[in-house]
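First comes the structure, then the notes that go with it.
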Protein chains: 4
Amino acid sequence: MATPVYSGAARTPQRGRPRDASRDDALRQAALEVMAEVGYRALTMDAVAARARAGKATIYRRWESKLDLVIDTCTQLAQRNLAEPDTGSLAGDLREFLSAFAAFLSGPIGKAAQALVGELPHEPELATAFRDTFLIAQRDVLRRILDRADERGELRANAPRGMAVEIAGAALIYRLMLTGDPLDLPFVDRVVDQVLLPLVAEGQ
Amino acid sequence: MATPVYSGAARTPQRGRPRDASRDDALRQAALEVMAEVGYRALTMDAVAARARAGKATIYRRWESKLDLVIDTCTQLAQRNLAEPDTGSLAGDLREFLSAFAAFLSGPIGKAAQALVGELPHEPELATAFRDTFLIAQRDVLRRILDRADERGELRANAPRGMAVEIAGAALIYRLMLTGDPLDLPFVDRVVDQVLLPLVAEGQ
Amino acid sequence: MATPVYSGAARTPQRGRPRDASRDDALRQAALEVMAEVGYRALTMDAVAARARAGKATIYRRWESKLDLVIDTCTQLAQRNLAEPDTGSLAGDLREFLSAFAAFLSGPIGKAAQALVGELPHEPELATAFRDTFLIAQRDVLRRILDRADERGELRANAPRGMAVEIAGAALIYRLMLTGDPLDLPFVDRVVDQVLLPLVAEGQ
Amino acid sequence: MATPVYSGAARTPQRGRPRDASRDDALRQAALEVMAEVGYRALTMDAVAARARAGKATIYRRWESKLDLVIDTCTQLAQRNLAEPDTGSLAGDLREFLSAFAAFLSGPIGKAAQALVGELPHEPELATAFRDTFLIAQRDVLRRILDRADERGELRANAPRGMAVEIAGAALIYRLMLTGDPLDLPFVDRVVDQVLLPLVAEGQ
DNA sequence: CGTTAAACGAGACGGTACGTCGAGTCTTTCG
DNA sequence: CGAAAGACTCGACGTACCGTCTCGTTTAACG
């Protein structure tokens with residue numbers, strides 16, 4: 001799940017015609033376009049296949065379901081868009097990362113991600129995959145930002161890093177998915193200044 | 001939307017057989033049971049009708065769609081489960097309200113709510129309805145808790161109440177819907193002690 | 001099979017919306033048109049449904065399969081086109097009936113019937129249905145023609161009526177389905193004069 | 001069509017690996033087995049290829065279609081099973097040939113042949129091929145039987161030989177394909193004695 | 001004897017139709 | 001008239017074959 005299933009990891013000689021790897025991208029691209037146009041719910045496999053000029057079997061050969069296709073398409077994009085900042089200060093790093101993340105979530109991927117979240121309770125495998133890619137990647141960046149701040153002596157002793165990481169993600173996701181309020185720079189600044197820095201930084 | 005549509009506000013003398021109001025609850029109950037068993041996605045109108053021994057038309061006469069039925073079922077329950085605490089202290093009120101809210105979300109309603117969240121980006125009316133009931137109700141309670149604390153002199157001057165309300169909800173929802181970590185008492189305590197009280201309470 | 005399956009013979013009071021009988025004919029008509037245009041093999045249920053502006057489920061509710069639909073359509077027509085002649089003489093009756101039957105088979109129904117014949121070996125139920133309607137109807141007419149001739153004293157004693165009936169049908173079907181030679185009047189005359197009358201008529 | 005298409009009659013020098021002629025028989029054998037098991041309709045090229053452990057391309061290199069493969073398989077068998085009798089008498093020759101033909105048709109080839117007949121109306125090329133092999137071969141044998149009887153003076157003057165040939169084939173095929181009654185010896189005897197001999201033999 | 005071109009098994013590819021299922025609507029009968 | 005039952009249209013589902021197209025490998029005949 002979550003990535004195209006190639007038929008067996010270490011296939012001995014490779015029998016038959018090999019999968020055309022360029023179809024993977026064409027199909028992901030088609031999925032992204034359709035999803036941007038009509039949303040996750042109204043996305044149909046027929047539409048994706050038609051847009052990519054592919055047969056439906058070609059999709060089902062690589063992904064088990066619509067969900068599997070969509071989450072793979074999203075995580076693929078997420079990994080390319082979560083650059084790790086290094087401005088030299090905790091406040092700078094947080095601001096830069098969170099605003100980049102907010103911008104990323106405000107685009108079409110944000111809507112797709114939200115749709116996926118709706119499926120998590122009924123699809124444990126999807127939930128695992130989602131957490132192992134989408135969430136972990138973002139949390140690890142935050143964790144490393146805090147580690148570097150600690151090395152520079154910017155953190156309080158016993159600063160609750162886990163809580164800081166959690167609150168940072170929660171604040172953004174909550175706005176995105178629940179309240180619908182804008183994920184803009186002023187909001188990011190307020191989260192950093194009012195909540196995160198007081199929580200972990202020395203001398204606040 | 002969101003509540004049963006009774007056929008015209010000021011129906012003149014009221015001709016024919018009146019709607020059987022007890023069917024509303026029977027249908028909501030059936031919807032809840034089916035959703036608890038198979039989840040939102042796999043819930044079908046036929047299944048709900050069959051379980052309530054009702055015709056599908058009877059459902060559509062009251063709710064416009066599957067989503068409408070589900071959100072009404074959920075908000076109905078939410079309103080009955082969000083009691084407003086008054087322990088006499090800010091910490092006590094927060095702890096009590098958030099732990100009650102966490103317990104509520106940990107049940108079947110939590111899963112249903114999460115499913116609804118997945119639909120919000122593509123259904124503006126649903127989003128409005130969801131925010132006007134689910135969210136507002138919960139935020140208003142928090143806001144009043146803060147107001148009472150202020151009257152007792154427990155709040156700092158210029159305490160960022162809006163941010164506190166937002167972070168409180170975000171922390172719970174994020175765990176529930178994204179990370180899947182447990183919404184237990186220790187977590188609630190940590191949110192209150194490490195994040196909320198430092199954010200707004202006097203003398204921290 | 002072979003006729004629209006109405007849901008249970010002696011249904012107690014008849015609950016729910018009844019089948020719309022006019023859809024039967026609309027669907028049969030659509031099937032006939034499509035079959036005339038593209039043949040049996042290329043006839044698809046989608047095409048029939050689209051032409052009748054019906055859902056596929058509506059077809060499958062009445063007939064179990066494409067074959068079932070087609071044979072019902074054909075036998076329906078067969079029963080309306082096998083008029084029984086009564087000219088007063090054996091030769092006249094035979095000539096009239098066989099030429100009418102030949103004309104009937106030369107039309108689109110002939111091709112459809114031939115397609116059905118190809119399915120008989122693998123579908124025992126279909127074979128039974130086909131024989132009980134298509135064949136029996138035609139053979140009964142021939143048998144009655146011979147009976148009336150016997151009453152008029154036109155038949156030889158011990159005339160092999162069964163063989164006569166069989167040869168009459170065989171001669172036409174063989175031309176239609178195997179050789180493809182025309183089923184015209186001269187051929188019918190030769191079958192009657194050279195084969196059938198010598199076989200059964202007195203004084204030949 | 002109808003026989004394996006070897007790639008061009010006068011191929012200049014013959015380059016590359018030559019066709020493996022043993023695959024022809026293996027594929028025909030596989031086709032026959034599959035057809036015997038599931039019938040013509042349900043026979044798929046994939047199944048034939050799998051049973052013969054061949055690639056589909058190997059089949060399509062030799063036959064243009066499923067139909068082409070099947071008709072070739074059948075005519076191949078037909079040509080080996082239509083021995084020409086010479087008993088010295090018309091009645092004997094007819095009896096021997098028709099009973100051999102009946103036995104042949106009663107086996108699995110009979111079912112396959114019937115399936116092919118169902119395709120004739122929509123496939124003119126197939127019809128031509130079928131008639132030029134299956135039909136002509138059988139009719140020629142009958143014609144030669146009548147010729148030899150004529151040379152022996154057994155035939156009436158002006159005996160309708162064409163009609164006799166047609167009726168002989170028709171009687172058998174009609175039973176086989178339409179009525180499903182058994183093609184046994186008594187039936188053959190009755191056809192010969194009651195219909196064919198009276199039609200053409202001297203002094204009946 | 002090495003080159004080379006076609007045949008071979010395998011299986012992916014774009015298509016088309018399948019038969020089923022769910023949605024939302026419509027049409028009966030019964031109370 | 002309301003409500004239960006269930007037929008209706010529509011459209012997507014995931015599967016199965018079709019006939020074609022690569023692949024990597026094998027096998028003769030040519031040079």
Side-chain angles (χ1 to χ4, degrees), chain A residues 7 13-23 42-47 49-50 52-62 64-66, chain B residues 7 14-20 23 41-47 49-50 52-67, chain C residues 7 11-23 42-50 52-62 64-66, chain D residues 7 11 13-21 23 42-50 52-62 64-66:
Chain A
S7 31
Q14 157 69 308
R15 319 242 308 153
R17 177 175 175 176
R19 295 265 172 85
D20 181 347
S22 75
R23 304 315 283 139
L43 175 147
T44 68
M45 295 305 240
D46 289 271
R53 285 203 128 265
K56 276 195 288 181
T58 300
I59 304 182
Y60 284 106
R61 218 172 274 127
R62 291 149 198 265
E64 292 182 354
S65 65
K66 164 177 159 178
Chain B
S7 33
Q14 166 68 300
R15 313 243 309 146
R17 175 175 174 181
R19 288 258 177 90
D20 180 349
R23 305 311 285 140
R41 282 288 298 278
L43 174 148
T44 70
M45 296 305 246
D46 291 87
R53 283 198 122 315
K56 275 196 291 179
T58 301
I59 304 181
Y60 282 104
R61 221 172 273 126
R62 291 151 198 261
W63 296 278
E64 292 184 352
S65 66
K66 164 177 161 177
L67 234 90
Chain C
S7 31
R11 292 279 302 295
T12 12
Q14 158 71 311
R15 316 254 304 155
R17 176 177 177 176
R19 295 266 171 85
D20 181 347
S22 74
R23 304 314 282 137
L43 175 147
T44 68
M45 296 305 241
D46 290 271
V48 174
R53 279 203 130 266
K56 276 193 289 180
T58 300
I59 304 182
Y60 284 105
R61 219 175 272 124
R62 291 148 198 265
E64 292 183 351
S65 65
K66 164 178 160 177
Chain D
S7 32
R11 291 281 303 296
Q14 161 67 310
R15 313 256 304 154
R17 176 176 174 177
R19 293 265 172 84
D20 180 348
R23 302 316 281 140
L43 175 147
T44 69
M45 295 305 244
D46 290 87
V48 174
R53 287 202 127 271
K56 278 196 289 181
T58 300
I59 303 182
Y60 282 106
R61 220 172 273 126
R62 292 150 199 262
E64 291 183 353
S65 66
K66 165 177 158 177

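Here is how names work: the chains are called A, B, and so on, in the same order as the sequence lines, proteins then strands, and each is numbered from 1.
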Euclidean distance, atom [atom1] of residue [X] to atom [atom2] of [N] [Å, nearest integer]:
X: A:Ile59; N: F:dT15; atom1: CD1; atom2: C1'; result: 14 Å
X: A:Asp20; N: E:dA10; atom1: CG; atom2: P; result: 22 Å
X: D:Arg61; N: F:dC21; atom1: CZ; atom2: C1'; result: 12 Å

Between the protein and nucleotides 16-20 of chain E, which nitrogen or oxygen pairs are less than 3.5 angstrom apart?
| from | atom 1 | to | atom 2 | distance (Å) |
| --- | --- | --- | --- | --- |
| E:dC18 | OP1 | C:Met45 | N | 2.9 |
| E:dC18 | OP2 | C:Met45 | N | 3.0 |
| E:dC18 | OP2 | C:Asp46 | N | 3.1 |
| E:dC18 | OP2 | C:Asp46 | OD2 | 2.6 |
| E:dG19 | OP2 | C:Tyr60 | OH | 2.1 |
| E:dG19 | O5' | C:Tyr60 | OH | 3.2 |
| E:dG19 | N7 | C:Lys56 | NZ | 2.8 |
| E:dG19 | O6 | C:Lys56 | NZ | 3.0 |

Please find the pair of heavy atoms, one from C:Arg23 and one from C:Ala52, that lie closest to each other, and give the distance.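 Smallest interatomic distance, heavy atoms only, reads NH2-O, 2.8 Å.
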
Might you point out which heavy atoms bring C:Ala49 and C:Gly55 nearest each other, and give the distance in Å?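 Taking C:Ala49 first and C:Gly55 second, the nearest heavy atoms are CB-C, 4.3 Å.
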
Of D:Thr44, D:Asp46, D:Val48, which meets side-chain contact (heavy atoms from CB on, under 4.5 Å) against D:Lys56?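 Only match with D:Lys56 under side-chain contact (heavy atoms from CB on, under 4.5 Å): D:Asp46.
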
Ignoring backbone atoms, test whether [X] places a side-chain nitrogen or oxygen under 4.0 Å from the OP1 or OP2 oxygen of [N].
X: A:Arg17; N: F:dC23; answer: no
X: A:Arg19; N: E:dG11; answer: no
X: D:Arg15; N: E:dT3; answer: no
X: C:Arg23; N: F:dT9; answer: yes

Heavy atoms under 4.0 Å, any strand shown: does C:Thr58 hit a base, just sugar-phosphate, or nothing?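 C:Thr58: base contact, heavy atoms under 4.0 Å.
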
Main-chain N/O of A:Leu43 paired to A:Lys66 side chain as donor or acceptor, under 3.5 Å: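 At least one qualifying donor-acceptor pair exists.
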
Do any N or O atoms from the side chain of A:Arg19 and from the backbone of A:Thr58 form a donor-acceptor pair under 3.5 angstrom?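 Side chain of A:Arg19 to backbone of A:Thr58, a donor-acceptor pair under 3.5 Å: no, none is there.
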
Listed partners of A:Arg53 passing side-chain hydrogen bond (donor to acceptor under 3.5 Å, both in side chains), at least two apart: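 Counting only residues at least two positions away or on another chain, A:Arg53 forms no side-chain hydrogen bond (donor to acceptor under 3.5 Å, both in side chains).
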
More 5' along DNA chain E: D:Gly16 or A:Ala49, using each one's nearest nucleotide?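 Its nearest nucleotide lies further toward 5', so the answer is D:Gly16.
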
Between B:Ala52 and A:Pro18, which is nearer to the 5' end of DNA chain F once each is assigned its nearest nucleotide?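 Comparing both residues, the 5'-ward one is B:Ala52.
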
